[in-house]
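Each remark here refers to the structure printed beneath this line.
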Amino acid sequence: MRYWLMKSEPSEFSIDDLEKRPHQTEHWDGVRNYQARNMMRDEMKVGDLAFFYHSNCDTPGIVGIMRIAREAYPDFTAFDINNKHYDPSSKPDDPRWFMVDVQFVRKLKRTITLNELKGRPELNGLALVRRGNRLSVMPVTAAQWEFILSLE
DNA sequence: GCCAACGTTGGC
DNA sequence: GCCAACGTTGGC
């Protein structure tokens with residue numbers, strides 16, 4: 001089993017939105033970065049756990065935990081011309097973009113902010129705290145996972 | 001294959 | 001809203 005961190009802008013889709021979905025499950029659409037796609041498509045497995053990270057908001061940080069509930073399948077929002085993530089180069093018979101389903105596990109007792117994660121030697125190598133990093137899906141080691149939860 | 005222009009991400 | 005840091009695109 002592996003660990004992950006996945007970013008979402010809470011104004012688009014927040015941990016509270018996920019909690020309220022039927023079965024507390026939703027597809028994680030809109031990833032349009034090859035590195036992130038490859039990790040979702042090739043490495044994420046049902047049962048993996050992921051941090052839910054709120055980006056581009058007042059207090060960026062980790063707000064909860066979710067579980068991968070379905071392995072990668074074509075991101076159909078890329079086929080929908082009315083969707084903001086529409087990509088004409090992704091075709092139903094040759095999809096370019098993929099998504100997984102995620103299921104709510106729990107919220108953290110508090111937001112573990114990006115600010116307090118930065119500069120922690122335990123998190124050296126975590127893409128999130130590397131300067132200029134924009135990856136929206138990234139792997140987290142077991143040690144990094146445990147350390148972050150110990151801050152809760 | 002190079003690289004300038006452009007678009008996006010996301011912290012601040 | 002600004003802008004640095006990237007990733008992608010497309011002309012050559």
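Small disclaimer: the values here were computed from a predicted structure and weren't measured. By convention in this document, chain letters (A, B, ...) are assigned in the order of the sequence lines, proteins followed by strands, and residues within each chain are numbered from 1.
- With hydrogens and angles disregarded, no donor-acceptor distance shorter than 3.5 Å links the side chain of A:Q24 to the backbone of A:L18.
- Between the C1' atom of B:dG7 and the OH atom of A:Y86 lies a distance of 18 Å, rounded to the nearest Å.
- Comparing C:dG7, C:dC6, B:dG10 by their closest approach to the side chain of A:N33 singles out C:dG7.
- Mapped onto DNA chain C by nearest heavy atom, A:R96 and A:R130 fall at different nucleotides, with A:R130 at the one closer to the 5' end.
- What separates CG of A:N56 from P of B:dT8 is a distance of 14 Å, to the nearest Å.
- Rounded to whole Å, atom P of B:dT9 lies 7 Å from atom CD of A:E9.
- Atom-to-atom, NZ of A:K84 to P of B:dG7 comes out at 17 Å; the value is rounded to the nearest Å.
- Counting only N and O atoms by type, the side chains of A:S14 and A:D16 include no donor and acceptor under 3.5 Å apart.
- Between A:N115 atom CG and B:dC12 atom P the separation is 6 Å, expressed in whole Å.
- When ring centroids are compared, A:W28 and A:F98 stay outside the 6.0 Å threshold.
- Contact annotation: A:Y34 side-chain N/O to C:dC6 OP1/OP2 distance is not under 4.0 Å.
- Regarding A:M138, its CE atom lies at a distance of 8 Å from the P atom of B:dG10, rounded to whole Å.
- Taking the side chain of A:S136 as heavy atoms from C-beta on, and the options B:dG10, B:dG11, C:dG7, the nearest nucleotide is B:dG10.
- Summarising the geometry, the separation between CG on A:N38 and P on C:dG7 is reported as 13 Å, rounded to the nearest angstrom.
- In this structure, a donor-acceptor pair under 3.5 Å is absent between the side chains of A:R32 and A:S90.
- Between A:Y73 and A:F76, the angle of the ring planes lies from 30° to 60°, which puts this pair in the tilted group.
- Between B:dT9 and A:K7, no contact under 4.0 Å exists linking OP1 or OP2 to a side-chain N or O.
- In this entry the distance linking CG of A:L135 with P of B:dT9 reads 12 Å, nearest Å.
- The A:K118 side chain lies nearest to B:dC12 when the options are B:dC12, C:dT8, B:dG10.
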